[in-house]
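Along the sequence shown, residues are numbered consecutively beginning with 1. Indexing begins at 1, ligand by ligand and atom by atom, following the structure's order.
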Amino acid sequence: MERRAPPMPVLLYIAALMAASCCSSSEAAAPKSSFEDNFDIMWSENHFTASEDKQIWYLSLDKDTGCGFQTKQKYRFGWFSMKIKLVGGDSAGVVTAYYMCTENGAGPERDELDFEFLGNRSGQPYLIQTNVYKNGTGNREMRHQLWFDPTEEYHTYSILWNNHQIVFFVDKVPIRVFKNNGEANNFFPNEKPMYLFSSIWNADEWATRGGIEKTDWKKSPFVSSYKDFSVDACQWEDPFPACVSTTTKNWWDQYDAWHLSDAQKKDFAWIQRNMVIYDYCKDSERFPTLPVECPLSPWE
Ligand SMILES: *[C@@H]1O[C@H](CO)[C@@H](O)[C@H](O)[C@H]1NC(C)=O
Ligand SMILES: *[C@@H]1O[C@H](CO)[C@@H](O)[C@H](O)[C@H]1NC(C)=O
């Protein structure tokens with residue numbers, strides 16, 4: 001595998017410039033440090049623990065149950081980021097999901113943006129599956145390999161979401177770009193605000209080698225670790241959104257965030273060449289007529 005220089009954190013650089021040069025007031029949510037400030041536990045509180053200083057959070061899965069948390073706030077558009085260290089050793093069958101969704105549940109009209117980390121047997125590589133749902137319909141899977149072992153250290157997983165594109169980032173490298181065609185028949189979740197979630201669960205019917213590799217419960221509990229959540233986004237206030245329109249203040253909604261920068265395009269091209277395992281837009285057996293968004297260019 002080709003070795004690569006660490007990519008420039010372009011978006012953060014832009015964010016810093018914008019933050020330095022503007023903003024008398026802002027509807028953007030400021031990052032907060034404690035778990036309780038940002039999140040609620042969705043289920044199995046006893047499978048959640050935190051470090052003594054409360055800066056690192058742990059979700060654990062055993063034979064009884066997994067665990068999950070979600071943000072207290074909903075957002076529509078922004079930048080969402082978390083450092084995650086995945087379950088090490090034998091993690092076959094175990095899925096850590098890190099995603100945004102319009103609701104806490106699998107409702108028939110939900111919008112959703114997913115990162116799913118698919119565990120593996122010891123020494124075998126994790127895969128990242130991403131997916132996009134609109135109004136309850138998904139089937140937009142992509143799978144990527146990683147260029148590092150995600151169980152050894154924390155890495156940053158981020159989502160940029162505006163009305164032009166959704167970009168999935170791994171350590172500031174854009175691994176997937178999902179575009180809005182701006183037309184009435186688009187497949188682009190942009191109307192409903194979303195919460196951010198993470199959870200760990202058993203998915204050994206499908207996750208590892210298509211379900212061949214089963215979870216080895218003798219290795220449980222399986223633990224994923226989190227820190228440094230950051231959100232720079234438009235927080236939603238019911239009944240009417242506080243920040244729906246594009247304003248000059250929100251860098252994630254600005255022209256520069258509507259498409260990849262030149263540096264990001266280089267990284268993305270490298271990912272396209274080397275890391276893509278599966279792309280639904282290339283699966284003409286599954287989709288004799290490709291979904292409407294497939295012809296959209298990620299480069300524009
Ligand atoms: C969303 O899906 C539901 C069915 O689950 C359908 O009744 C509704 O019309 C859809 N809404 C839009 C805006 O497409
Ligand atoms: C797990 O490892 C096997 C063998 O290297 C590989 O074929 C597979 O893609 C890996 N990941 C998953 C999620 O199955």
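Taking a distance limit of 4.0 Å, we find that atom 5 (O) of ligand 1 is approached by some protein heavy atom.
Looking only at protein heavy atoms, the nearest one to atom 9 (O) of ligand 2 is L127 CD1, 3.7 Å. The nearest heavy-atom contact from the protein to atom 7 (O) of ligand 1 is E109 OE2, 4.5 Å. Looking at atom 2 (O) of ligand 1, its nearest protein heavy atom turns out to be N135 ND2, 2.4 Å.
For Y75 and F80, the ring centers sit closer than 6.0 Å to each other. Checked against the 6.0 Å centroid criterion, the rings of F77 and W236 do not qualify as a close aromatic pair. Taking the six-membered ring for Trp and the full ring otherwise, the centers of Y58 and F48 sit at least 6.0 Å from each other.
E213 and R121 are joined by a salt bridge, as a carboxylate oxygen and a charged side-chain nitrogen come within less than 4.0 angstrom of each other.
Nearest-heavy-atom check against atom 13 (C) of ligand 2 across G210, A207, A203 picks out A207. Of the candidates N120, L118, I212, I277, N120 brings a heavy atom nearest to atom 12 (C) of ligand 2.
Within the listing of ligand 1, atoms 5 (O) sit less than 4.0 angstrom from a heavy atom of P108. Each of the following atoms of ligand 2 lies closer than 4.0 Å to a heavy atom of Q124: 2 (O), 4 (C), 5 (O).
Distances between N or O atoms of R209 and those of ligand 2 include at least one value under 3.5 Å.
Side-chain polar atoms of N202 and K63 form no donor-acceptor pair below 3.5 angstrom. Under 3.5 Å, the side chains of H164 and N180 contain no donor-acceptor pair of N or O atoms.
In this structure, K72 fails the cation-pi test against F39, since its NZ or CZ atom is not both closer than 6.0 Å to the six-membered ring centre and inside 45 degrees of the ring normal.
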